[in-house]
Amino acid sequence: MKLSLGVIETYGLTAAIQAADAACKSASVTLLGYKKIGAGLVNVFLGGEISAVKSAVDSGVAAVGQPTFIRGRLVIARPGEQVVALLNGLAGNALTPSDDDAAIAPSAAAAAAAAPADKRDDAPPPTAEAKQPARTENRAGGKKDQK
């Protein structure tokens with residue numbers, strides 16, 4: 001039997017954490033992961049039986065408290081393998097179900113392994129000491145680089 005997939009989309013990571021916590025506490029679901037979509041949007045993915053996922057998504061949305069932080073919610077009963085593979089292709093953490101949740105998509109682990117790794121630059125951010133070259137005023141009133 002395939003399990004269901006629940007998604008809660010929030011504005012901000014703290015609302016996503018709050019929704020995920022309430023969802024996992026309210027029903028017997030597994031937190032599959034999260035994805036930072038961009039522009040402050042964060043999706044939380046839950047897996048489990050259809051009734052448990054519906055209950056968990058409803059509880060997670062209600063726990064956030066302010067409807068302005070909830071962008072959307074979704075429950076998919078028995079998602080197709082291509083849907084999970086597509087979700088793994090998005091930027092963010094790959095959905096890696098535990099051994100108990102392998103029924104969601106048997107090839108999800110293979111799709112996650114085949115997906116390109118995050119291209120994050122782990123270099124530290126530039127410090128205030130890194131300055132632009134000095135500029136001087138020219139006679140025409142514009143600026144030019146000093147050589």
Selection residues 15-27 - residue pairs positive for salt bridge (Lys or Arg N to Asp or Glu O under 4.0 Å), sequence neighbours left out: Asp21-Lys25
With a 4.5 Å cut-off on side-chain heavy atoms, are Asn43 and Ile37 touching? yes
Taking the side chain as every heavy atom from C-beta outward, state whether Leu31 and Leu46 have any atom pair closer than 4.5 Å. yes
If you compare all heavy atoms of Leu3 against all heavy atoms of Gly48, which two are closest, and at what distance to 0.1 Å? CB-O, 3.5 Å
Looking only at heavy atoms, what is the nearest atom pair of Ala15 and Val64, with distance? O-CG2, 3.7 Å
Can I get a per-line list of side-chain donor-acceptor pairs under 3.5 Å for residues 51-58, giving both atom names and the distance, sequence neighbours left out?
unit_1 : atom_1 : unit_2 : atom_2 : d
Asp58  : OD1    : Arg73  : NH1    : 2.9

Side chain to side chain contact (heavy atoms under 4.5 Å, CB included) partners for Tyr11, two or more places apart: Leu41, Phe69, Arg71
Taking Thr30 for its side chain and Leu32 for its backbone only, find out whether a donor-acceptor pair lies under 3.5 Å. no
Going by side chain to side chain contact (heavy atoms under 4.5 Å, CB included), name the residues that satisfy it together with Ala63, two or more places apart in sequence or in a different chain. Ala22
Partners of Ala77 by side chain to side chain contact (heavy atoms under 4.5 Å, CB included), sequence neighbours excluded? Ser4, Ile50
Once you round to the nearest 0.5 Å, how far does CG of Leu74 lie from CD1 of Ile8? 10.5 Å
Which residues satisfy the side chain to side chain donor-acceptor pair (under 3.5 Å) test with Ser26, sequence neighbours excluded? Ser59
Do you know the tightest heavy-atom contact between Ala16 and Val42? CB-CG1, 3.6 Å
